[in-house]
Undergrad: 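Let me begin by handing over the structure; questions about it come next.
Naming convention: chains lettered A, B, ... in sequence-line order (proteins, then strands); numbering from 1 in each chain.
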Amino acid sequence: MPSLSSDDVTRVARLARLGLSEAEAERALTDLSAILTLVDAMAGVETSGVEPLSNPLDATQVLRPDEVTEVDARTTLMANAPAQADGLFLVPRVVE
Amino acid sequence: MQYEAVIGLEVHVQLATASKIFSGAATTFGAEPNRQASAIDLGLPGVLPVPNQAAFEMAVKFGLAIGAEIGRHSAFDRKNYFYPDLPKGYQISQFDHPIVKQGQVTLVLESGEEKCIRVTRAHLEEDAGKSIHDAYAGMTGVDLNRAGTALLEIVSEPDLRSAKEAVAYLKIIHSIIRYLGISDGNMAEGSMRCDCNVSIRPAGSETLGTRTEIKNVNSFRFVERAINSEIARQIEVIEDGGRVIQETRLYDPDRDETRSMRSKEEANDYRYFPDPDLLPVELDDAFIEACRATLPELPNARKVRYVAEYGITEYDASVLVADRDIADYFEAVANHSGQGKLAANWVMGNVLSELNQTDGSIADFPVQPADLTALIGRITDQTLNSKTAKTVFEGLMQREGSVDAIIAARGLVQVTDQGAIEALVDSVLAQNPEQVANYRAAPEEKRGKMLGFFVGQTMKASQGKANPQQVNAVLLAKLQSED
Amino acid sequence: MSDLNALSLVAQMDGLATGAFSATELVQAHLDAVDRHDALNAFITVTADLALDTAAQADAARVRGEASPLAGIPIAHKDLFCTEGVLTTCGSRMLENFVAPYDAEVVRRCQAAGFSMLGKLNLDEFAMGSSNENSAFGPVRNPWDRSRVPGGSSGGSAAAVAARLTPLATATDTGGSIRQPAAFTGTCGLKPTYGRVSRWGMVAYASSLDQGGLIARSAEDLAIGLAVIAGHDAKDSTSSREVVPNYRAALNSPCQGLRIGLPSAFFDARMSDAMRQALETVKQTLTALGAELIEVELPHLTHAIPAYYVIAPAEASSNLSRFDGVRFGHRVADPQDLTDLYTRSRGEGFGSEVKRRILIGTYALSEGYYDAYYKKAQQIRRLIKQDFLQAFTQCDLLLGPTTPGTAFAIGAKQDDPVAMYLEDIYTVATNLAGLPGGSFPAGLLDGLPVGYQLMAPHFAEARILQVAHHVQQVTAWHQLQPEGL
């Protein structure tokens, strides 16, 4: 694997919408590089033809009957909202 | 240079499930903000999704209707991006293993030629919420009632070559989902939305040009206009020596143009991966066959049957079958009246044109199948002629009562009494001596046209009630006998 | 009756049943202990009034003869489990004011069984860590040596049980977060099979690895607790329909003839002599109980740490996207625009380890890296699972160390994430394979507890508890307690 650059850290932090101070970004470069060195050891493992395992039990999904089971609980569910008005969550204006 | 457009559509259809795809919240349209958003729909910490079986049944029905292979092994993935209407920061969708694999639909082009459009895939996913932009100063409101509504995203191959073809394809998809009862297909309410992928290339070329995606076009008319304006824009860009760039665009119907949505353009890295909260869905034969057993007669089969059973043209049949409710309406009238062609003419000429003008639904239409059947009965028994029949139809539209009640109230019984008609004709001929003389002086081949004048005058004198065939015969006889 | 809190859960049940003491006395004794040991920082929230109310109800029910056997027994929940009406912080500044509108299924079941909730336990932020130093509410201290970590992420659970603040604590284990702190504090910790316990209301770190479990002071106490929390839950698609056996009844099945595998990769040159010696004593005890010890191979085990540190952060990066300052959680005071709202709310709300894992996970899933990292790790995961299934054709259980060493000093590994990650070297493989694993005390090394680990085939928790229970009948390791309680 190519080594990590500070541009990579910036790109990834942006994708993750994660604000990092300059010091944090520098530190992240060091730490992430070390972690990638650790995980790059995987590259040597022969895995051709091995089906990836997403769920440890290899189980299958059970489907739910189409029934309305929820009642309106807006007041309770929105009680933790940092900014709201008229039953809407508020965010800084979104321009489309 | 001649250009050819290459178009593919991504159609999002809201499935008509009672509850959401991953939660037990209701899906009714138009509720107050966030009153139909459960903890799962809001993506609160610790909640988990459980998929709705009805969504799978509806998707499978669609797959069967377009002759597609059903994904017996389907799985959900997460599409990761941040947006206020996407509560979890990811959308649960199907990326690698969709529920419906390749299928196809057939279009009838204006030329009458048939064209096969391949459907690449259709997959299940959850809808996002809605942003409300103008109500709060500097702020956007977020309503998550729609979040988690089951969507079927139907992706076509880029097999479409014009805006008209795109609309025809969209109408067929609309028709199929309505027949299957898996969605109300209401574009105005967003139950069916369309993204259009458009590129152009020199006519005859086999390579694909760079495409743009026009997001969220919400009516058939706008789909046609948006695609046409985008094709024109791309041609202009290329003719000016520029390059089309791959991007997402929005159609502005007021200006009839598309514009770039740069705000959403940055960093399109969705980091798809299998959703670890959900397990692969395995559908067996029994499940698929149970879905197949509930399939109704689909538009194409119905069209073929109408041509055979009612002797109507293929074009008329295709118009009548497009909407399941209209087709049911027509079939009721045709079967009860025993007059397929007449029923087809009335449904297409009167019922559909009224519906189009008022944007109404057939269920609330004032003239129900029993009324139209009665009306046709009064035409075939010669109580009404075509003109008085129209008057009765108008009466029915005004909800003035039954067909016979309107005929009586408006005094529209057709005059078939030979003596009465002869009297009417005599008085018309007496009032127009000049025209009578001209007619009689005219050569045979010109008389046909001239006869129309006398028919018109006589019908007018009868207030439209005289039997036109009888009027015709009496006129001919009288005009000729006194030559 | 000031030492009621020192009784095991079984002894507490007996005392309540015979009327030796009331639930109110029992709960009060624990609340007093919680107060006395405030400096351990094991609790984030103490719900004294609620606990006493429930205890009073239990006492009243017992008078009427309607009390369940567990009514009024104290319990405390890792603060990763949602509790309706009570703060659920996940150890994060992001959720410092978050009150869940629902109970986690585990919490609901404990309540239905009659437990009295004492409060919510400290943890590494969002369960990410191996030392409990990554909590926005400060580190938890190890009752055996307060300058040392209790392990993590369920550090509060382990410290509270070790210090006799509660007989039973819920905990979660994504890569060792129950077993490692149990080993560091001389307690018993069980991570059940993936899917055995509902994840509903348990705030997700890495969904395909997370599993709720318990920390207690004996295998028998764990068996009683597991019977309460195990079982299918329709709200969790990944929860299993496998029948829940009678764990307590199975404790006394004989160990004679059980084959216990010793993975050579666990007993390799990296193991310290002291650890080897501690495990030697465990092996001798097992042999004396009639078990047969055999060597087994787990060829891909060495790749478990790399695979884990791709899969867990990848899932975490997505699971933690919902913390965006819109519907709940920390939000910056004056967001300039939407991006600012997101980046600063998340930047301020998350601690450094959480950020590190979000970054690494985002990177591993990003375009161009998915196959090399995420897909590769999931392939290795299958190989590791196959290794285990193969080993279990030769043996009934696996034995190994829980940790490379004993509890380390607070701050010792804080600057070296990789060194911290290697703490999980003996525990992550079972999470990758979805297997149950338990850590049980094996005595002290230089005055600090050390644990041994038992791993079993899927849904064979009973076998782990049975063997540990037999060991606990002939040894006193699990009864050792820190000084100064």
Undergrad: With a 4.5 angstrom heavy-atom cut-off, could you sort out which part of C:Ala377 is near chain A: side chain, backbone, both or neither?
TA: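 Contact with chain A involves both backbone and side-chain atoms of C:Ala377.
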
Undergrad: Could you give the distance from CG (C:Asp324) to CZ (A:Arg17), rounded to the nearest 0.5 Å?
TA: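 Here the interatomic distance stands at 11.0 Å.
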
Undergrad: Assess the residue pair A:Leu38 and C:Leu422 against the criterion (side-chain contact (heavy atoms from CB on, under 4.5 Å)); give the C-alpha distance rounded to whole Å, side-chain angles, the decisive distance to 0.1 Å, and a yes or no.
TA: CA-CA 10 Å; A:Leu38 174 76; C:Leu422 292 172; 4.1 Å; yes

Undergrad: In terms of heavy-atom pairs under 4.5 Å, which option from C:Arg241, C:Arg344, C:Arg356 contacts chain A the most?
TA: C:Arg356

Undergrad: Say you draw a straight line from CG of C:Leu365 to CG of A:Leu15; how long is it, rounded to the nearest 0.5 Å?
TA: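 Result: 10.0 Å between the selected atoms.
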
Undergrad: Donor-acceptor pair, C:Lys355 side chain versus A:Ala28 backbone, under 3.5 Å?
TA: no

Undergrad: Show your working on side-chain contact (heavy atoms from CB on, under 4.5 Å) between A:Leu18 and C:Thr343 and close with a plain yes or no.
TA: CA-CA 5 Å; A:Leu18 206 51; C:Thr343 54; over 6 Å; no

Undergrad: Is chain C contacted by the side chain of A:Leu32, its backbone, both, or neither, given a heavy-atom distance below 4.5 Å?
TA: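 For A:Leu32, heavy atoms of backbone and side chain both lie under 4.5 Å from chain C.
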
Undergrad: I need the C:Thr238 OG1 to A:Gln61 CD distance, nearest 0.5 Å.
TA: 9.0 Å

Undergrad: Considering only heavy atoms, which portion of C:Phe459 lies under 4.5 Å from any heavy atom of chain A: side chain, backbone, both, or neither?
TA: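 It is the side chain, since no backbone atom gets that close.
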
Undergrad: Does any non-hydrogen side-chain atom of A:Leu36 lie less than 4.5 Å from one of C:Tyr363?
TA: yes

Undergrad: Using non-hydrogen atoms only, which part of C:Ser237 is less than 4.5 Å away from chain A: side chain, backbone, both, or neither?
TA: both

Undergrad: Who wins among C:Tyr342, C:Tyr309, C:Tyr194, C:Tyr374 for the most heavy-atom pairs under 4.5 Å with chain A?
TA: C:Tyr194

Undergrad: Using a 3.5 Å distance criterion without hydrogens, assess whether the side chain of C:Arg346 forms a donor-acceptor pair with backbone atoms of A:Ala16.
TA: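 Yes: the side chain of C:Arg346 pairs with the backbone of A:Ala16.
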
Undergrad: If I measure from the heavy atoms of chain A, does C:Arg331 come under 4.5 Å with its side chain, its backbone, both, or neither?
TA: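 Answer is side chain: those atoms of C:Arg331 sit under 4.5 Å from chain A.
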
Undergrad: Examine whether an atom of C:Leu320 lies under 4.5 Å from a heavy atom of chain A, and if so say whether it belongs to the side chain, the backbone or both; otherwise answer neither.
TA: neither

Undergrad: From A:Asp31 CG over to C:Arg357 CZ, what is the distance, rounded to the nearest 0.5 angstrom?
TA: 11.5 Å

Undergrad: Does any heavy atom of chain A fall under 4.5 Å from the side chain of C:Val326, the backbone, both, or neither of them?
TA: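 Both backbone and side chain.
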
Undergrad: Heavy atoms, side chains only, cut-off 4.5 Å: are A:Leu57 and C:Thr193 in contact?
TA: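 Yes, close enough: below the 4.5 Å cut-off.
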
Undergrad: Taking all non-hydrogen atoms of both residues, which atom of C:Asp415 and which atom of A:Arg27 are closest, and how far apart?
TA: O-NH2, 3.3 Å

Undergrad: Taking it one step at a time, do A:Asp40 and C:Tyr373 satisfy side-chain contact (heavy atoms from CB on, under 4.5 Å)?
TA: CA-CA 8 Å; A:Asp40 279 346; C:Tyr373 289 118; 3.0 Å; yes

Undergrad: Is chain A contacted by the side chain of C:His330, its backbone, both, or neither, given a heavy-atom distance below 4.5 Å?
TA: neither

Undergrad: For chain A, which of C:Leu338, C:Leu359, C:Leu383 has the most heavy-atom pairs under 4.5 Å?
TA: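 So the answer, after comparing C:Leu338, C:Leu359, C:Leu383, is C:Leu359.
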
Undergrad: Indicate yes or no: at least one non-hydrogen side-chain atom of A:Arg11 is less than 4.5 angstrom from one of C:Ser366.
TA: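 In short, these two side chains touch, coming nearer than 4.5 Å.
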
Undergrad: Among residues 46-56 of chain A, which residues come closer than 4.5 Å to chain C, judged by heavy atom distances?
TA: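 Interface residues of residues 46-56 of chain A: A:Glu46, A:Thr47, A:Val50, A:Glu51, A:Pro52, A:Leu53, A:Ser54, A:Asn55, A:Pro56.
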
Undergrad: What part of A:Val62 lies closer than 4.5 angstrom to a heavy atom of chain C: side chain, backbone, both or neither?
TA: side chain

Undergrad: Taking all heavy atoms of C:Leu341 and all of A:Pro92, pick out the closest pair and write down the distance.
TA: CD2-CD, 3.7 Å

Undergrad: Consider only side-chain N and O atoms of A:Asp8 and C:Tyr369, and report whether a donor and an acceptor are under 3.5 Å apart.
TA: no

Undergrad: Sort by residue number and list every member of residues 76-84 of chain A having a non-hydrogen atom under 4.5 Å from chain C.
TA: A:Thr76, A:Leu77, A:Asn80, A:Ala81, A:Pro82, A:Ala83

Undergrad: Which pair of heavy atoms, one from C:Lys376 and one from A:Val45, lies closest together, and at what distance?
TA: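 Heavy atoms of C:Lys376 and A:Val45 come nearest at NZ-O, 2.7 Å.
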
Undergrad: If the threshold is 4.0 Å, N to carboxylate O, is there a salt bridge linking C:Arg382 and A:Asp58?
TA: yes

Undergrad: For each of C:Gln336, C:Lys385, C:Glu348, C:Gln379, tally heavy-atom pairs with chain A at distances under 4.5 Å, and name the one with the top tally.
TA: C:Gln379

Undergrad: Quick check: closest heavy atoms across A:Met42 and C:Pro306, and the distance to 0.1 Å?
TA: CG-CB, 3.5 Å

Undergrad: Using non-hydrogen atoms only, which part of C:Phe350 is less than 4.5 Å away from chain A: side chain, backbone, both, or neither?
TA: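 It is the side chain, since no backbone atom gets that close.
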
